[in-house]
Amino acid sequence: MISDTLRQYISFDLFPLISAICVALSCGLIGNHLVLRRQSMMGDAISHAVLPGLVAAFLLASSRSPMVMFLGAGASALVTVGLIELVKRLGRVEPGAAMGVVFSVMFALGVLMLEQAAADHVDLDADCVLYGQLETLFFVAPTEWNQLFSVGTLNDIPTQVSTLLGLTILVIIFKVALHKELRIASFDPGLATTQGIHAGLITVLLMVMTAACAVASFEAVGSILVIAMLICPASTARLCTDRLSTQIKLSALFAITAAVIGYILASFVPEMLGMPSSLNAAGMISVVAGSMVALAAIVSPSHGLIAKSFRQRSLRKTVAIEDLIGLLYRAKETGTPRSTISSIAPAMNTKDINQVIQASTRQGLVTQTNNSLELTGAGQAAGAKIIRRHRLWEGYLVDQANIRPDNVHDIAEQLEHLPTDEPDSDTQTDPHGRPVPPHSD
Amino acid sequence: MTLLQTQPRSTLDARPEHSADNPLSVHAMTVAYHRKPVLWDVDYDAPPGSLVAIVGPNGAGKSTFIKACLGLIPAAAGTVEFWGKPYKHARADIGYVPQRESVDWDFPVSALDVVCMGLYRKIGWFKPIRKAHKAAAMESLDRMGLADYAHRQIAQLSGGQQQRVFLARALVQNAELYFMDEPFAGVDAATEAAIIEVLRELRSQGKTVIVVHHDLQTVPTYFDHAMLLNMRIVAAGPVSEIFTDENLNKTYGGRLTLLAEASEAVARAQQGQSTK
């Protein structure tokens with residue numbers, strides 16, 4: 001026995017949710033390669049440009065079967081590709097502009113055709129091309145559980161939903177079977193072709209799959225969600241990993257998450273907040289997917305803003321400590337074993353010298369008594385190492401790069417901090433006649 | 001096309017140097033972009049077991065020559081044969097190292113993933129990469145001194161290391177003939193030494209390597225054959241015979257002397273500055 005509340009959810013929300021997940025998953029998976037090839041715009045173009053073909057196919061064949069729709073879309077895509085080439089040559093514009101002109105005009109033409117057609121056919125709606133009609137995919141749920149999982153229910157599945165399920169399975173097979181072929185064709189088309197994997201053929205297959213996603217998803221969710229899902233989950237995943245296989249798995253996870261969260265936010269939350277009606281699910285899912293990109297750009301451990309600024313801060317700190325012990329080492333070399341903070345501060349390129357001194361003391365490189373600083377044994381060794389690198393680099397710049405001795409200090413000041421090998425040289429003095437400290441280890 | 005027809009061409013068989021032993025025989029190759037010829041009527045036979053440098057100024061058609069041989073761009077006219085066979089039937093024995101800049105190094109793959117790509121033909125369509133393939137790729141990376149970097153993402157490698165990954169990818173294919181497009185461009189001294197060592201090893205195994213090369217000074221030390229190219233072949237043959245000032249001048253159209261004068265002038269100016 002299914003309770004009435006649950007039955008209501010199943011009737012009104014099960015198929016829309018399944019559709020949203022299918023669209024998100026299939027577009028999200030295909031989008032990985034569009035994003036990596038820097039061809040996301042192509043997905044945008046295809047999903048817009050197929051509209052006039054879809055409408056024409058519907059009007060000519062008076063059928064909404066997926067096959068007819070796909071043929072129409074295919075014809076539309078071919079016309080689009082031809083027109084883009086034509087505009088590029090005759091209009092003397094860059095490819096992006098040609099693409100933008102053609103696909104927006106094709107889409108507008110599609111909308112006009114749809115409006116005309118809708119006057120005669122009640123079951124066509126011009127508004128749904130943008131944001132779909134997920135909410136209309138309801139079915140009358142049975143009252144018993146065993147009836148729900150029976151063959152009879154299968155027959156009640158709306159065509160849009162079964163088309164989307166088929167598409168999702170097709171996309172998963174495509175991605176799994178051709179994983180390595182897609183990878184090599186996206187990374188190095190020339191090598192792919194010499195390896196017998198024709199890169200042009202793979203590109204065509206990828207575009208056909210993109211078109212298939214756009215066509216199958218169109219009626220249920222509209223073009224906005226298709227575009228968002230072709231780009232957002234893959235971009236989010238790219239920000240979180242440097243491995244393609246992980247990226248693809250993450251993109252699938254993010255796509256499903258966006259679909260579920262977006263659907264819940266659109267359908268249930270407005271009601272709970274006491275708003276009169278629910279929001280458009282496709283639009284809300286797209287907003288969630290976009291927010292996930294923004295979130296990843298900020299908090300991703302490898303490419304996020306926070307991680308980056310943290311790494312930069314820690315690098316600045318290391319450089320500042322190296323500068324401090326370098327200065328103390330030089331001072332000691334000229335006969336001042338103890339330096340005062342006020343004498344060091346002007347030479348340091350840092351805002352907060354006390355912080356640097358504290359960090360150096362914590363690392364056991366420097367001891368501080370009142371206002372004066374002294375290098376410890378470890379500090380002395382570290383100072384020798386940094387000054388050695390500095391003076392070897394100066395020598396290298398004068399000998400190998402023919403730079404005048406007067407001008408090498410500033411460059412060496414930067415090179416000394418690099419984690420590369422020091423210049424290979426056995427000179428005892430730098431270009432200014434100062435001794436090069438011996439190699440410590 | 002009318003121009004081509006007015007020049008009667010000898011057939012492949014009529015040319016004494018042609019033989020089925022030659023890893024590469026190019027005959028009357030013409031390549032054009034937008035009706036502007038890039039390569040004009042190129043005839044070339046690469047001898048087996050040799051290191052060949054392709055030398056010429058920018059825009060001379062060096063990369064185009066390699067790509068047209070491999071069928072990556074269509075030739076307007078001419079034939080290309082490998083051991084007397086068309087490319088289709090010789091593919092397995094031909095390796096290709098594209099220019100380093102030709103790919104996106106931000107791509108989310110590891111060095112090992114890239115080297116495995118050299119085995120995709122052997123693995124075949126739809127089939128997964130197995131442990132044995134990864135082991136072979138690992139061995140090839142090790143040979144280039146990059147075993148420790150196998151699992152790094154390729155963007156984290158230096159330019160020289162990236163070039164060595166490309167070379168490892170070609171080696172793992174175990175081809176008989178290699179085309180390399182500027183493998184020495186922008187690499188460090190250690191990488192240059194590693195690459196030249198591999199080239200010599202390949203030659204000692206009787207393989208042929210055809211390399212687009214831009215550093216004229218190292219041509220006589222690194223290579224035994226050279227092809228001087230500037231849209232047409234200016235000269236081709238053993239370096240000791242054809243690598244002459246006269247041929248180089250013809251190839252670079254006098255620009256070489258200009259270049260040498262310019263660099264001398266710069267050197268003089270700098271010396272004057274540092275003695276001040």
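Residues B:F65 and B:V31 have side chains not in contact (no heavy-atom distance under 4.5 Å, counting atoms from C-beta outward). Here the side chains of A:F254 and A:C240 are in contact, with some heavy-atom distance below 4.5 Å.
Looking at every heavy atom in both residues, A:A258 comes nearest to A:M229 through CB-CE, 3.9 Å. Taking each heavy atom of A:P405 and A:P431 in turn, the nearest pair found is CB-CB, 4.2 Å. Across A:N402 and A:D399, no two heavy atoms sit closer than the pair OD1-O, 4.0 Å. In this structure, A:L239 and A:A296 approach most closely via the heavy-atom pair CD1-CB, 3.9 Å. Listed here is the closest heavy atom pair of A:G28 and A:S251: O-OG, 4.0 Å. Looking at every heavy atom in both residues, A:L397 comes nearest to A:A412 through CD1-N, 4.2 Å.
Residues of residues 100-108 of chain B lying under 4.5 angstrom from chain A, judged on non-hydrogen atoms, are B:V103, B:D104, B:D106, B:F107, B:P108 in numerical order. Along residues 133-165 of chain B, the residues that come nearer than 4.5 angstrom to chain A, judged on non-hydrogen atoms, are B:Q153, B:I154, B:Q156 in order of number. Within residues 111-121 of chain B, the residues having any heavy atom closer than 4.5 Å to a heavy atom of chain A are B:D113, B:V114, B:M117, B:G118, B:L119, B:Y120, B:R121, listed by residue number. Of residues 166-188 of chain B, those residues lying under 4.5 Å from chain A by any heavy-atom pair are B:F166, B:R169, B:Q173.
B:T218 and B:H213 share a donor-acceptor pair across their side chains, judged by distance under 3.5 Å alone. For B:H214 and B:N58, the side-chain atoms include no donor-acceptor pair closer than 3.5 Å. With hydrogens and angles left out, the side-chain atoms of A:R37 and A:T203 include a donor and acceptor closer than 3.5 Å.
The contact between A:S186 and chain B is made by backbone and side chain atoms together, counting heavy-atom distances below 4.5 Å. For A:R38, the part sitting under 4.5 Å from any heavy atom of chain B is the side chain, from C-beta outward, and nothing else.
Between A:H432 and A:H409, the distance separating the two ring centers is not shorter than 6.0 angstrom.
Rounding to the nearest 0.5 angstrom, the gap separating the CG atom in A:L170 from the NZ atom in A:K175 is 13.0 Å.
Other residues, nucleotides and ligands contribute only 12 or fewer heavy atoms inside 6.0 Å of the CZ atom of A:F310. The neighbour count for B:Q205 CD, taken as heavy atoms of other residues, nucleotides or ligands under 6.0 Å away, is above 12.
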Test log, rule salt bridge (charged side-chain N to carboxylate O under 4.0 Å, His left out), inputs A:E85 and A:R89: CA-CA 6 Å; A:E85 273 306 303; A:R89 289 197 187 164; 3.8 Å; yes
Set out, in order, the CA-CA distance, both residues' side-chain angles and the distance that settles side-chain contact (heavy atoms from CB on, under 4.5 Å) for A:S40 and A:L230, then state yes or no. CA-CA 7 Å; A:S40 304; A:L230 281 173; over 6 Å; no
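Paired with A:R238 under the rule side chain to side chain donor-acceptor pair (under 3.5 Å), one option of A:D242, A:T241, A:T236 passes, and it is A:D242.
Of the residues considered (A:R183, A:H179, A:Q247), A:R183 shows the highest number of contacts with chain B, using heavy-atom pairs under 4.5 Å. No other option in A:I197, A:L178, A:D188, A:V176 has as many heavy-atom pairs under 4.5 Å with chain B as A:D188.
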